[in-house]
Protein chains: 2
Amino acid sequence: MKRGTGRSGSSAAPNGVDVARLAGVSQKTVSRVFNEEPYVSAEVRRRVLEAAEQLGYRRNNAARALASGRTRSIGVITLGTALYGPASLLMGVERVVRDTGYALRVVNTMEGDPAGLAGAVDSLLDQGVDGIVISEPIDEPGGGEAGPLRVDVPVLVIGAPPPPLSSPAVLSAGGGADLMARAATEHLLGLGHVTVHHLAGPQRWFAARDRLEGWRTTLVSRGRNVPPVVEGDWSAASGYAAGRALAQDPEVTAVFAANDDMAIGLVRALTEAGRHVPGDVSVVGFDDIPVAAYVTPPLTTVRQPFDAVAHEGLKRLVHAIENPDADPLPASAPPVDLVVRASTAPPPPAVTGRSGR
Amino acid sequence: MKRGTGRSGSSAAPNGVDVARLAGVSQKTVSRVFNEEPYVSAEVRRRVLEAAEQLGYRRNNAARALASGRTRSIGVITLGTALYGPASLLMGVERVVRDTGYALRVVNTMEGDPAGLAGAVDSLLDQGVDGIVISEPIDEPGGGEAGPLRVDVPVLVIGAPPPPLSSPAVLSAGGGADLMARAATEHLLGLGHVTVHHLAGPQRWFAARDRLEGWRTTLVSRGRNVPPVVEGDWSAASGYAAGRALAQDPEVTAVFAANDDMAIGLVRALTEAGRHVPGDVSVVGFDDIPVAAYVTPPLTTVRQPFDAVAHEGLKRLVHAIENPDADPLPASAPPVDLVVRASTAPPPPAVTGRSGR
DNA sequence: CTGAAAGCGCTAACAA
DNA sequence: TTGTTAGCGCTTTCAG
C-alpha cells in the first residue's frame with residue numbers, strides 16, 4: 001500500500017507524524033501534548049500546537065481506540081418513541097454524556113423489534129462502547145429465554161430494575177415512581193374522595209407497573225376499596241376510550257392516570273359525557289408535559305425529574321467505567337414533585353356523604 | 001508490549017488470529033468470511049463461523065475503521081429539546097440509520113451553547129463519522145463569523161436551507177413548511193375569515209420563519225390585510241401569553257399558530273377571556289402532536305411527516321456517502337396534510353366587538 | 001523531559 | 001479459492 005508514512009503531500013488528513021516533523025519533535029511527543037501528559041516543556045508544547053493548528057491536525061479516534069482499548073463512548077438504548085418521558089430522558093443523557101467527555105451512540109428497540117434488547121446490546125457491543133445505558137426497558141415477548149445477557153462493560157438501567165445480565169457493574173436509576181404515584185393518590189384521597197380509580201399504562205412497561213403499584217398500596221394501606229384497573233397504551237386516544245367507559249360509572253369521582261396524554265384524553269371523554277372535571281370527577285396525570293398547565297382544565301400532575309435522574313445515573317456509570325475496581329457510588333432517590341392545578345377538587349356533595357362500602 | 005499475537009490464553013477478547021488458528025485458516029480468510037466476500041468455500045466458511053462462535057469472537061470496530069478509513073457511522077446534531085417535532089425526527093433518523101447498517105452518534109446543540117453548531121460538527125468529526133445530519137439548525141448568536149464550516153463528509157440538513165459549509169455533498173430535506181402554512185391559512189380564509197393572525201415560533205428557527213413566510217404570502221396573494229405577527233417560543237406558556245393579548249382585539253377571528261403547543265396555550269387564553277373557540281375565534285396548529293385530537297376543542301392542525309422526511313433524506317445521504325462521485329439523488333417534497341378538527345369554523349356573524357353566542 | 005520501537009486488529013493490494 | 005505482506009495512526013513500554 002505504501003502511502004508513505006507521514007507524507008507531506010496534502011491530500012489526506014494529516015497525522016501525528018506530519019505534525020511531529022513540522023514541529024521538529026517525535027510523534028510520541030505530539031501524542032503527549034494532545035493527551036495533556038506531564039513532562040513536556042512549554043516550548044515544545046507550543047511548537048507542537050502550532051504545527052497541528054497549521055496542518056489542521058485532528059487525532060484519529062479509531063487509532064486511539066484501537067491502541068488504547070477504550071472508545072470513550074457510551075451507548076444508550078431507548079424505545080424509539082417521541083413520548084415526552086423517554087425523549088426527555090434521552091436529551092438529559094446526551095447532555096451529561098457529552099459533559100463527561102464521552103461520545104454518545106444511540107440504538108432504539110422498537111416495541112415488537114425481533115432482536116429486542118439483546119439485539120440492541122449486541123449492536124452497541126459491536127460498536128465498542130465503554131458503557132451502556134438502557135432507558136426504560138419493557139418486558140419482551142419471548143423475554144430472556146436465552147439466559148442472561150453477557151455484557152463486558154458497566155450498564156445503567158433507568159426506570160426499571162435491571163434485567164438478567166452479567167456485567168462488571170449493573171446500576172439502576174430513576175426509581176421512585178411508586179412514591180410519586182402514592183403522592184398522587186393521597187392527594188386525591190386527601191380531597192375527600194372515597195377511592196381512586198387508576199388508568200394504567202401498558203403493563204409491559206415497568207414504569208406502568210410501578211405507578212400502578214404505588215396507587216394500589218396507597219389504597220390498601222388506607223383501607224380503601226381498590227377498583228378494577230383500566231389499562232391504556234400511554235396515548236390520549238386510549239385515555240379517551242377509557243374515559244368513555246369510566247364516565248358511565250357514577251362511583252368514579254377520582255382518577256389517577258399513569259401519564260398526562262392519557263389524562264388529557266380521559267378528561268375529554270368525561271367532559272363529552274357530561275361529567276365535569278373537576279366538579280364531578282377529579283383527574284391527576286403523570287409527567288407534567290409542557291402543555292399540561294394549559295389544557296382545560298389545567299392538569300394536576302406529578303413532575304418527573306428527568307434531568308436529575310439522567311445526571312445522577314450517568315455520574316455513577318462513568319465512575320464505574322473509570323474505576324473498574326472501586327465500589328459503585330450509592331444511588332440517590334429523586335424528589336417527589338406533585339403539581340396541583342385545576343383538574344382536582346373535592347368530590348361532588350352527593351357522593352361525599354356515602355361511605356365507601 | 002508483546003501481548004502475544006493470537007494468544008490462546010482466555011482473558012482478553014479473541015481476535016481474528018485466534019479464530020483463524022482454531023479454524024485452521026489464515027486470518028485474512030476470517031476477514032473474508034465476516035465481510036461476506038466472495039470466493040470462500042462453504043466448508044471453510046462453516047469452519048470459521050464455528051470457531052468464531054466457539055470463541056465468542058466479535059470484530060473490532062476500531063481496527064476496522066482504522067484500516068478502512070470508514071467508521072460506518074452517521075452523526076446527528078439536534079437541538080436537545082424534547083419538543084415533539086425534533087424528537088420525532090430524531091427517532092425517525094435513528095431507525096433509518098440503523099436499517100441502513102450504520103451506527104448513530106448524537107450530539108446536541110443546546111440553544112445558547114457557546115460552541116454552537118461548529119462545535120457540534122467538530123465533535124462529530126473528531127469521532128470520525130462518515131456523514132452528518134443536522135436537524136433543524138437555528139440561527140446562532142454570533143452566526144458564522146468564522147467563515148464557512150469545513151466538513152469532509154456529506155451533510156444532510158433537515159428543515160432548513162444549508163448553512164455556509166464546504167463539504168463533498170450538502171443535501172437538504174424537509175422543506176415545504178411554507179406550503180403547509182399556506183394550506184392552514186387558506187383553510188381559514190376558505191371558512192370566510194377576513195384575515196388570519198399568526199402566532200409565530202421564535203424567528204431564530206428557520207422552521208418558524210418558513211411557516212411565517214407561507215402564511216404571509218398567502219394573505220398577500222389573496223389581497224388580504226397582513227396583521228402584525230406575535231412571536232412565541234414554541235411553548236404553551238408563550239401561546240397563552242400571546243392569547244391574552246390577542247383576546248383583547250375583536251378583529252381577531254382566526255389564528256394560525258406555528259405549533260400545537262402554542263395553539264393549546266392560545267386556546268386556553270382565549271377561552272378564559274370569554275372568546276369561544278371556534279365560535280368566536282378559529283385556531284389552527286402545526287405538527288399534530290398526539291394529544292391534539294383530544295384537547296378541547298380538538299385541534300385543527302397540519303401534520304408533519306417526520307418519518308417520511310427522515311427516510312427520504314437519509315436515503316440520499318447514504319447514497320452520497322457510498323457513491324462519492326455519483327450525482328446526488330433528487331429530493332422529493334413531503335406531502336401536505338391538513339387535519340381538520342373542531343377548532344376552526346366560520347367567523348361569527350358580527351365581527352365587531354361582541355363575544356360569546 | 002524526550003524518543004525509538006513494538007504492537008492494537010483489521011483491511012488492502014498482490015501473489016500463489 | 002486462499003495466503004502474504006504492509007500498513008492505518010495511535011498508545012504503550014522501555015531507554016535515554
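Everything numeric in this text was worked out from a predicted model, so none of it was measured.
The stretch residues 53-62 of chain B touches DNA chain C through B:Y57, B:R59, B:N60, each having a heavy atom under 4.0 angstrom from the strand. Within residues 28-45 of chain A, the residues that place at least one heavy atom under 4.0 Å from DNA chain C are, in residue-number order, A:K28, A:T29, A:R32, A:Y39, A:V40, A:S41, A:V44.
Note on A:E43 versus A:R46: salt bridge recorded, some NZ/NE/NH1/NH2 to OD/OE distance being below 4.0 Å.
The side chain of B:S26 contributes an N or O atom lying less than 4.0 Å from OP1 or OP2 of D:dG3.
Here the side chain of A:S88 pairs no donor or acceptor atom with the backbone of A:F306 at under 3.5 angstrom. Under the 3.5 Å distance criterion, the side-chain polar atoms of B:R98 are left unmatched by any main-chain donor or acceptor of A:V107. Between the side chain of A:R316 and the main chain of A:S172, a donor-acceptor pair closer than 3.5 Å is present. Looking at B:R32, its side chain never comes within 3.5 Å of a backbone N or O of B:E37 through a donor-acceptor pair.
Rounding to whole angstrom units, CZ of residue A:R70 and P of D:dC10 are separated by 17 Å.
More than 12 non-hydrogen atoms from other residues, nucleotides or ligands lie less than 6.0 angstrom from NE2 of B:H319. By the 6.0 Å contact criterion, CZ on A:R70 is enclosed, its count of non-hydrogen atoms from other residues, nucleotides or ligands being greater than 12.
Toward the 5' end of DNA chain C, the nearer of the two residues B:Q27 and A:L66, judged by each one's closest nucleotide, is A:L66.
Of the candidate nucleotides C:dC10, C:dA12, C:dG7, C:dC10 has the atom nearest to the side chain of B:A67. Of all nucleotides listed (D:dG9, C:dT11, C:dG9), C:dT11 comes nearest to the side chain of B:R64.
Taken to the nearest 0.5 Å, the CG atom of A:L117 stands 8.0 Å off from the CG atom of A:L165.
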